[in-house]
Amino acid sequence: MVTDAEWARIRRGLCFGQVFEGTVVQVPRPGAIGIFVDIGLSVGGFVDVLWLPGQSDDWPAEGTVADFEIWWADSRQQIRLRPLDSRYQRNDFADSEARFRPNWPSEVGQPVLDPGPPTLDEVRSALRSDGPPASSP
């Protein structure tokens, strides 16, 4: 675990879409939550189940080395990643990208800034059955 100041420093050096070669270090509950990835920084990377294939047998195993891109980072000391290797992506990867982040192409290369805590409207929207707002990961 790093200090809040160190996390803020690391985050300032990150951009959406930035690519890291990473090693899968943990698959805690295959098919349930996602995978943890070491990308060589003092904070961990995480790929959410939403970006991985529907069948956990198709997920990258511990020790797998692959390319991942930064999808999100916020006040939690963790970098949210997406796999770039199509073998490790969900079948409707592009459709999901368009649904969750319709402005993604214009966000690539932009700095990852801490958006602060979610607003009440963002929390309400995330709790609705149709999922999170388009601007959230």
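Both tests do not hold together for Arg80 against Phe68: distance to the six-membered ring centre under 6.0 Å, angle to the ring axis within 45°.
Distance check, rounded to the nearest 0.5 Å: CG of Asp38 to OG1 of Thr23 gives 6.0 Å. One distance of note links CD1 of Ile79 with CD of Glu69; it measures 13.0 Å at 0.5 Å rounding. Rounding to the nearest 0.5 Å places CD of Glu97 at 11.5 Å from CZ of Arg99.
In this structure, Leu52 and Pro83 approach most closely via the heavy-atom pair CD2-CG, 4.3 Å. Closest approach of Ile10 and Ser42 over heavy atoms only: CD1-OG, 3.2 Å.
Heavy atoms from other residues, nucleotides or ligands lying under 6.0 Å from CG of Asn91 number 12 at most.
Taking the centre of each ring, Tyr88 and Trp59 stay at or above the 6.0 Å mark.
With a 4.5 Å cut-off on side-chain heavy atoms, Ile39 and Leu81 count as touching. Taking the side chain as every heavy atom from C-beta outward, Val65 and Val24 never approach each other to under 4.5 Å. Side chains of Arg76 and Trp7 form no contact here, defined as non-hydrogen atoms less than 4.5 Å apart. Using a 4.5 Å cut-off on side-chain heavy atoms (C-beta onward), Asp4 and Gln77 make contact. Counting only heavy atoms from C-beta outward, the side chains of Pro53 and Gln55 never approach each other to under 4.5 Å.
Taking the six-membered ring where tryptophan is involved, the planes of Trp71 and Trp104 are tilted, since the angle between them lies from 30° to 60°.
Of the listed residues (Asp58, Asp95, Leu50), just one forms a side chain to side chain contact (heavy atoms under 4.5 Å, CB included) with Arg90, and that residue is Leu50.
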